[in-house]
Asks: 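The structure is given below, and queries will be raised subsequently.
Below, chains carry the letters A, B, ... as their sequence lines are ordered, and counting in each starts from 1. Worth saying up front: this structure is predicted, and the values here are computed from it rather than measured.
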There are 2 protein chains.
Amino acid sequence: MINSRLSVAIHILSLLASHPRDRLTSEYIAGSVQTNPVVIRRLTGMLRKAGIVTSSPGTAGAVLTKAPVEITLLDVYDAVFAGEDLFSIHNTPNPDCQVGRNIQDTLDTHFERAEQAMKDELARQTLADTMEHLFA
Amino acid sequence: MINSRLSVAIHILSLLASHPRDRLTSEYIAGSVQTNPVVIRRLTGMLRKAGIVTSSPGTAGAVLTKAPVEITLLDVYDAVFAGEDLFSIHNTPNPDCQVGRNIQDTLDTHFERAEQAMKDELARQTLADTMEHLFA
DNA sequence: GATTTTGTAACTGATTCTGTTACAGGATCG
DNA sequence: CGATCCTGTAACAGAATCAGTTACAAAATC
């Protein structure tokens with residue numbers, strides 16, 4: 001339902017974490033994800049803006065700025081979905097109806113709680129957990 | 001990010017709950033949501049298949065099968081997103097790479113926990129809570 | 001029998017998503 | 001210094017999804 005950005009971003013970070021000494025090119029990573037290198041560079045750009053990795057033009061590879069145990073999946077989620085709400089609310093309910101007038105506030109409250117619960121759970125899981133599961 | 005089906009479905013149920021004696025037509029409900037009546041009938045159909053409302057061809061209106069306090073937002077979520085996963089996982093990671101080979105299982109585990117946390121929170125909120133917020 | 005309504009299929013335009021091409025500019029190495 | 005490799009980013013394309021719409025058969029009502 002939600003797009004695969006979080007999925008690919010975690011894949012990228014897993015590769016970086018598992019080859020800490022190598023400088024993995026976007027082409028190499030794309031080979032593991034099986035997609036186009038530009039897809040990797042786009043996501044790496046989001047991770048960089050969020051401060052999760054460093055990378056620079058011309059220099060191969062990206063480097064984690066923190067240990068995997070300090071990178072939560074919420075950090076990654078926030079990096080690739082910056083500022084987006086989980087649930088959409090329909091735009092223009094009818095203000096001449098009490099339900100229509102108040103439904104957006106009400107849904108905001110409900111949805112905010114659900115989204116927060118999901119984020120709390122993502123915050124409990126880290127890239128170190130991912131690595132453990134991958135290499136167990 | 002997620003589409004507005006849950007949002008509109010809760011709007012529909014709120015109207016039904018707040019006019020328990022009237023037979024609200026899809027056109028009336030569409031007037032409050034400000035959309036097309038077919039959009040309402042489509043969602044009402046999903047709610048009917050899930051057993052949350054009854055309705056039948058020719059007869060105006062839909063009727064809740066349970067009291068609002070017994071209808072959780074998870075019931076509504078399941079009705080309109082039957083069987084869909086919250087997060088997408090990229091299709092064909094490279095099996096010749098240990099990360100690629102195991103990433104789908106790993107992500108499944110992570111995402112399942114996050115999705116379940118979100119659903120647990122939706123299950124804690126009911127249509128009665130919605131009504132209270134709407135009419136407080 | 002005329003009218004109203006639901007249920008559902010089919011289509012449309014807008015948007016989003018993933019993949020792709022293209023290229024400017026930084027880094028590296030002979 | 002020039003060739004090569006790489007990143008970052010813009011721009012575009014096809015596929016998929018979404019919300020809205022038209023159309024109509026069949027059921028209910030008056």
Asks: Which listed nucleotide (D/dG20, C/dA9, C/dT18) is nearest to the side chain of B/Thr35?
Replies: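 The nucleotide sitting nearest to the side chain is D/dG20.
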
Asks: How would you label the contact of A/Asn36 with the nucleic acid (heavy atoms, under 4.0 Å): base, sugar-phosphate, or nothing?
Replies: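 Touches a base.
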
Asks: Quickly work out the A/His90 NE2 to D/dA19 C1' distance and round it to whole Å.
Replies: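 These atoms are roughly 13 Å apart.
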
Asks: When you measure only distances, ignoring hydrogens and angles, does the side chain of B/Arg48 come within 3.5 Å of the base of C/dG7 through a donor and an acceptor?
Replies: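 Absent.
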
Asks: Roughly, in whole Å, what's the span from CD1 in A/Ile2 to C1' in C/dT18?
Replies: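 Interatomic distance, CD1 of A/Ile2 to C1' of C/dT18: 17 Å.
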
Asks: From C-beta outward on A/Val38, which listed nucleotide comes closest to its side chain: D/dA19, C/dT21, C/dA9?
Replies: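 From the listed options, C/dT21 comes nearest.
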
Asks: I want to verify a distance call: between C/dT8, C/dT18, D/dT7, whose nearest atom is closest to the A/Ser26 side chain?
Replies: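 That would be D/dT7.
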
Asks: In whole angstroms, how far is the P atom of C/dT21 from the CZ atom of A/Arg42?
Replies: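 Going from A/Arg42 (CZ) to C/dT21 (P), I get 13 Å.
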
Asks: What is the separation between atom CG on B/Asn3 and atom P on C/dC17, rounded to the nearest whole Å?
Replies: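 For the pair B/Asn3 CG and C/dC17 P, the rounded distance is 12 Å.
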
Asks: Between A/Lys49 and A/Ala60, just flag the one whose closest nucleotide in DNA chain D comes earlier from the 5' side.
Replies: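 Final value for this comparison: A/Ala60.
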
Asks: Can a salt bridge be assigned to the pair B/Glu27 and B/Arg41 using a cut-off of 4.0 Å between side-chain N and carboxylate O?
Replies: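 Salt bridge: no.
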
Asks: Assuming nearest nucleotide by heavy-atom distance, tell me which of A/Thr44 and A/Met1 is located more 5' along DNA chain D.
Replies: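 By nearest-heavy-atom nucleotide position, the 5'-most residue is A/Thr44.
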
Asks: Do the side-chain N and O atoms of B/Ser7 and A/His90 include a donor-acceptor pair separated by under 3.5 angstrom?
Replies: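 Side-chain D/A pair, B/Ser7 to A/His90: present.
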
Asks: Counting only side-chain heavy atoms from C-beta out, which of D/dG8, D/dA19, C/dC17 sits nearest to A/Arg5?
Replies: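 Nearest to the side-chain atoms of A/Arg5, counting from C-beta on, is C/dC17.
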
Asks: Below the 4.0 Å mark, does D/dA28 have OP1 or OP2 next to a side-chain nitrogen or oxygen of B/Ser56?
Replies: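 Checking D/dA28 against B/Ser56, no side-chain N or O comes under 4.0 Å of OP1 or OP2.
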
Asks: What's the CG-P distance between A/Leu47 and D/dG8, to the nearest Å?
Replies: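 My rounded result for the distance is 11 Å.
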
Asks: Can you check whether A/Val80's main-chain N or O pairs, donor with acceptor, with A/Arg5's side chain at less than 3.5 Å?
Replies: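 Judged by distance alone, yes, a pair lies under 3.5 Å.
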
Asks: Between D/dC18 atom C1' and B/Phe81 atom CZ, what is the distance in whole Å?
Replies: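 About 12 Å, once rounded to whole Å.
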
Asks: Taking atom types as modelled, is there a side-chain donor on B/Asp120 or B/Gln116 under 3.5 Å from an acceptor on the other?
Replies: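 Result is yes, a qualifying pair exists.
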
Asks: Please say which of A/Asp129, A/Leu13, A/Ile10 ends up in a side chain to side chain contact (heavy atoms under 4.5 Å, CB included) with A/Leu73.
Replies: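 Result for side chain to side chain contact (heavy atoms under 4.5 Å, CB included) with A/Leu73: A/Ile10.
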
Asks: Using atom CZ of A/Arg41 as one end and atom P of C/dG19 as the other, report the distance to the nearest whole Å.
Replies: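 In whole Å, C/dG19 P lies 14 Å from A/Arg41 CZ.
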
Asks: Does OP1 or OP2 of D/dG8 have a side-chain N or O of A/Ser55 closer than 4.0 Å?
Replies: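 For D/dG8, OP1/OP2 do have a side-chain N/O of A/Ser55 under 4.0 Å.
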
Asks: Within this structure, what is the CG-to-C1' distance between B/Leu43 and C/dT8, rounded to whole angstrom?
Replies: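 Between C1' of C/dT8 and CG of B/Leu43: 14 Å.
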
Asks: Report the nucleotide, chosen from C/dT21, C/dT18, C/dT6, that has the shortest atom-to-atom distance to any side-chain atom of B/Pro57.
Replies: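 For the B/Pro57 side chain, the nearest candidate turns out to be C/dT6.
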
